[in-house]
Amino acid sequence: MNSRRPGEQGNQTWPNRRRLISLAAVVALLVVSPQAALAQRPAVTAPGDIVVVGDAIPAPLTTTQPDAARGRAILLDRAKGNCLICHRLPVATEPFQGTIGPDLSGIGRRLTTSQIRLRLVDQSRLNAATLMPPLYRTAQLVRVDAHYRDKTVLSAIEIEDSVAYLASLKD
Amino acid sequence: MVQSGRTAAVLAFLMIGAAVFSANAQSPDRPASRPASPKHGTVFQSPATQALQADDGANPAMLWVGQGETLWSAPAGPENKSCATCHADGTQSMKGIAATYPKLDPKSGQLLNLESRINQCREQHMHAPAYTYESAQLLALTAYVTIQSRGMPRQVTVDGPAAAHFERGRAFYMTRQGQLNLACAQCHDDNVGEKLRGDTISQGQTLGWPGYRLEWQTMGSLHRRLRACSLGVRAEILPFGSPDYVALELYLAWRSKDLPLESPAVRR
């Protein structure tokens, strides 16, 4: 319980020494931590700042490392990507798959990572008549329910996770 | 030079063609149109659901029709009037009526669907309180009045003073909306028969409403069904009886011109 060393017990001449050390530590943290936090917090590209090059978005939307397994879960989640409502994916455990969009099997062979990214972010930049919902866009949308207003369907890292999974579909 | 000029002309032609095509496929300016080969909503249901609808003894919606028949002659308001006081036998007087709604009310200039018309009757002629939209009573009376037009061709008026409402409904149908940015037409005109997960996309015909939806485990109005579509594309879910939904209802009714009513339907 008592972490004090016996010698410190009667040390009345420097009552504030430990307090001073604590203070110094706090000051040091205050000075250092914003920079540390900046270094750790991932940089995220806002929907309005996306740079399209040709038919692709070359730059990832976030500096966070994507995870294809997480992407697979996001795409299957009905409250997230909900891709199977319109598309087919090589997932044998999902019997009811949509037929509206293209079959996504082998999409990683047909398209580059950057091309897949644009198609998830906002396919209407390539085809104004597309049915594909813009998954990372908030502008120029009409009558959006208050619950979803000014929000993207997927977050930046969710897009990147999804891109990583789709890029891995080679057959 | 000649070669590049020709190439440029071909390119320009292609670009214009693409622009026209893409505008046509998603623009709010897309003209009103009816499906080339019209299909009732029932066609898109499973055989079991179709069988449930076909048998009045098994169709759960018939419970609401039965309640509606009782309400038809139930007195309300200070003068103890009922629907039957003025309209006598509903099975005769209401024949073909539902097939003509929504309809413009000449006095108020408002577009009324059957639900609003029933409530207008209660308030103005019976001096009784309006039923709440989607209440069991309003669903029951609407279902009772609608079944008197079962099998009769739909005929709504969309010209004259109704034209502005029709245009409002058309524009609503053609305009992309919601976080998912989809217009009604993109599914119900352009992708009929395709699969949304296990469900087949219908033509969005509205001949079966009010109807019993298995997902709800109860009877519901067309507006409840429209609200489910709004939710699906993450658009604003409008109030029951809102002018936009009534205008859309008129457009959809025009779209199913001459098709026989089939309410009360059973839907998945």
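Proteins come first, then strands; the chains are lettered A, B, ... in the order of their sequence lines, and each starts at number 1.
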State, with a plain yes or no, whether a side-chain heavy atom of [X] is found less than 4.5 Å away from one of [Y].
| X | Y | value |
| --- | --- | --- |
| A:Gln140 | B:Arg176 | no |
| A:Pro133 | B:Asn181 | no |
| B:Val233 | A:Asp145 | no |
| B:Asp244 | A:Arg143 | yes |
| B:Glu236 | A:Tyr148 | no |

What part of B:Leu238 gets closer than 4.5 Å to chain A, counting heavy atoms only: side chain, backbone, both or neither?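 Just its side chain gets close to chain A.
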Relative to chain A, which segment of B:Leu196 carries a heavy atom at a distance below 4.5 Å: side chain, backbone, both, or neither?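 Both backbone and side chain of B:Leu196 come within 4.5 Å of chain A.
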Using 0.5 Å steps for rounding, measure from the CD1 atom of B:Ile201 to the SG atom of A:Cys86.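 Separation between the atoms: 7.0 Å.
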Considering only heavy atoms and a distance below 4.5 Å, find which of A:Leu141, A:Leu131, A:Leu135, A:Asn82 pairs most often with chain B.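 When all of A:Leu141, A:Leu131, A:Leu135, A:Asn82 are compared, A:Leu131 has the most.
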Please state whether the side chain, the backbone, both or neither of A:Arg137 comes within less than 4.5 Å of a heavy atom of chain B.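 Side chain only.
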Engaged part of A:Ser124 at the chain B interface, taking heavy atoms whose separation is under 4.5 Å: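 Contact with chain B: none, neither part.
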When B:Gly198, B:Ser230, B:Gly178 are compared by non-hydrogen pairs under 4.5 Å with chain A, the top option: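 Result: the option with the highest number of such pairs is B:Gly178.
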Please confirm whether the backbone N or O of [Y] pairs with a side-chain atom of [X], one donor and one acceptor, at under 3.5 Å?
| X | Y | value |
| --- | --- | --- |
| B:Arg197 | A:Phe96 | yes |
| A:Thr99 | B:Lys195 | yes |
| B:Gln179 | A:Lys151 | yes |

Within 6.0 Å of CG in B:Asp55, more than 12 heavy atoms from elsewhere: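 Result for CG/B:Asp55: enclosed.
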